[in-house]
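Here's the structure we're looking at; comments come further down.
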Amino acid sequence: MDGGNQSIVSEFILWGLANSKNLQVLLFVMFLILYLFIVSGNIVILVLITTDCHLHSPMYFLLANLSFVDMCLSSNTTPKMISDFLRESKTISFAGCMSQVFFSHCIAGGEMVLLVVMAYDRYVAICKPLHYLTIMNLKRCTGLVLISWTTGFIHGISYFVVVVQLPFCGPKEIDSFFCDMPLVIKLACMDYHDLNTLMNAECGVVAVTCFILLLISYTYILITVRQSSKAGASKALSTCSAHITVVMIFFLPCIFIYVWPLSITWLDKFLAVFYSVFTPLLNPAIYTLRNKEMKNAMKRFIGKFLVPNEIHNIKKRVPITSDKETDCMK
């Protein structure tokens, strides 16, 4: 069916997560609190890594980028979902819907590659420790982060270019809380099955390739850790277990939504909420609550900005032995 889509369909109707008014109010409060935790938690990580010189290393540079990506991923859909809980008419403009499709895949694609980069960083640190600072220098880290964003942009724009040209003439109702690519394609006035298969295949190439690279990296890491000293192995295993946890909670929902869809509406909604809300929420908790250096950085930050007299007394008692330590105490 031919015709321009913008002139026929100017907005879409989102069904959201629930129909009950009382349940929607409860969900509004719950997700508002979760979103505030997501934003504040990731901002804390960004501030600590930026201001604390003890965290100026490749691993924490990549972690800061992951926190920024997580905030973007959640902010793409969560604020709209939260506001819709209090609205009778849950509509989204055509432009807003297409923007959600683009940014969802752009950010998610970038995060997949970024997780691979973080796995490579841990591989170099554990398997080639003597060459770590040479290999993972600032220039290379910046280049790898740019590659992740470029890959995400290409992944997102490929979906956007296809979806924005589809002929939409009704129906215009989406059984979800945001414009998800498979659901939007089903509204097109055409046979969408071949296109949906092609889009899932393209998404599968990105997701499965990144997942396989992650499995290979962590397999090498675990083999090396097993042969290391007990003390070094314990620290390396702790760091890698946090990374592996993040990988699993991010990739599994994406795989079951896009690569291997189950066609179960309530499950698709749950998985979508999981990777857009709970994954960005769990990342700060995993990387801060289980990370000794982040905990120490938090204590130094509190002491420096909230308890200046106490930190001044510590500086008097502790001898300074190097210029780097002097800079870190300032």
Side-chain angles (χ1 to χ4, degrees), residues 31-79 103 106-122 124-125 132 136 138 140-142 144-149 152 214 235-251 253 274-307 311 327-330:
F31 281 107
L32 177 61
I33 294 173
L34 290 176
Y35 182 66
L36 292 176
F37 273 119
I38 290 170
V39 174
S40 58
N42 283 291
I43 287 177
V44 166
I45 291 178
L46 286 169
V47 170
L48 289 178
I49 294 175
T50 303
T51 60
D52 195 315
C53 63
H54 294 88
L55 302 181
H56 291 175
S57 65
M59 184 181 81
Y60 291 104
F61 172 76
L62 297 175
L63 177 57
N65 280 276
L66 179 64
S67 293
F68 177 73
V69 171
D70 277 336
M71 277 198 301
C72 293
L73 180 64
S74 183
S75 298
N76 181 47
T77 58
T78 307
F103 285 109
C106 175
I107 298 168
E111 182 160 349
M112 289 180 186
V113 179
L114 184 59
L115 290 171
V116 174
V117 173
M118 294 179 70
Y120 174 70
D121 171 73
R122 290 301 85 203
V124 176
Y132 178 70
M136 296 302 295
L138 180 60
R140 177 160 297 180
C141 287
T142 305
L144 291 172
V145 170
L146 289 176
I147 288 174
S148 71
W149 277 107
L214 286 165
K235 182 178 179 180
L237 191 60
S238 176
T239 302
C240 289
S241 63
H243 287 217
I244 293 172
T245 302
V246 170
V247 167
M248 297 304 292
I249 63 178
F250 179 78
F251 271 88
F274 193 86
Y275 88 83
S276 62
V277 177
F278 289 101
T279 299
L281 176 67
L282 291 174
N283 283 359
I286 290 171
Y287 282 110
T288 54
L289 297 179
R290 301 182 76 257
N291 190 304
K292 185 178 180 180
E293 292 184 16
M294 289 296 292
K295 292 179 184 177
N296 291 335
M298 176 67 75
K299 293 177 182 178
R300 287 191 294 267
F301 182 84
I302 293 174
K304 182 177 180 180
F305 292 99
L306 301 180
V307 195
I311 198 65
D327 293 338
C328 287
M329 292 295 292
K330 289 179 180 179

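Just so we're clear, the structure is a prediction, and the values are computed from it rather than from any experiment. When reading the values below, keep in mind they use all heavy atoms of this one structure, side chains included, and skip hydrogens, waters and symmetry mates.
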Strictly distance-based, threshold 3.5 Å: is any side-chain N or O of [X] a donor or acceptor partner for the main-chain N or O of [Y]?
X    : Y    : result
S148 : V145 : yes
N42  : I38  : yes
T279 : S276 : no
S74  : D70  : no

Is there a side-chain contact between [X] and [Y] (heavy atoms, below 4.5 Å)?
X    : Y    : value
L55  : M294 : yes
T77  : F103 : no
L66  : L115 : yes
T51  : F301 : yes
Y60  : I45  : no
F251 : L214 : yes
M71  : I43  : yes
M112 : V116 : no

Rounded at 0.5 Å granularity, tell me how far [atom1] in [X] sits from [atom2] in [Y].
X    : Y    : atom1 : atom2 : result
C141 : M59  : SG    : CE    : 11.5 Å
S75  : I107 : OG    : CD1   : 8.0 Å
R122 : I244 : CZ    : CD1   : 12.5 Å
L36  : L281 : CG    : CG    : 11.0 Å
M298 : D52  : CE    : CG    : 10.5 Å
T50  : H56  : OG1   : NE2   : 6.5 Å

Please name the pair of heavy atoms, one in [X] and one in [Y], separated by the smallest distance, quoted to 0.1 Å.
X    : Y    : result
W149 : V69  : CZ2-CG2, 3.6 Å
L114 : N65  : CD2-C, 3.8 Å
R300 : E293 : NH2-O, 4.2 Å
P58  : M136 : CG-O, 3.1 Å
P280 : L73  : CG-CD2, 4.4 Å
S67  : L46  : CB-CG, 4.3 Å

Y132, OH: over 12 other non-hydrogen atoms inside 6.0 angstrom | yes
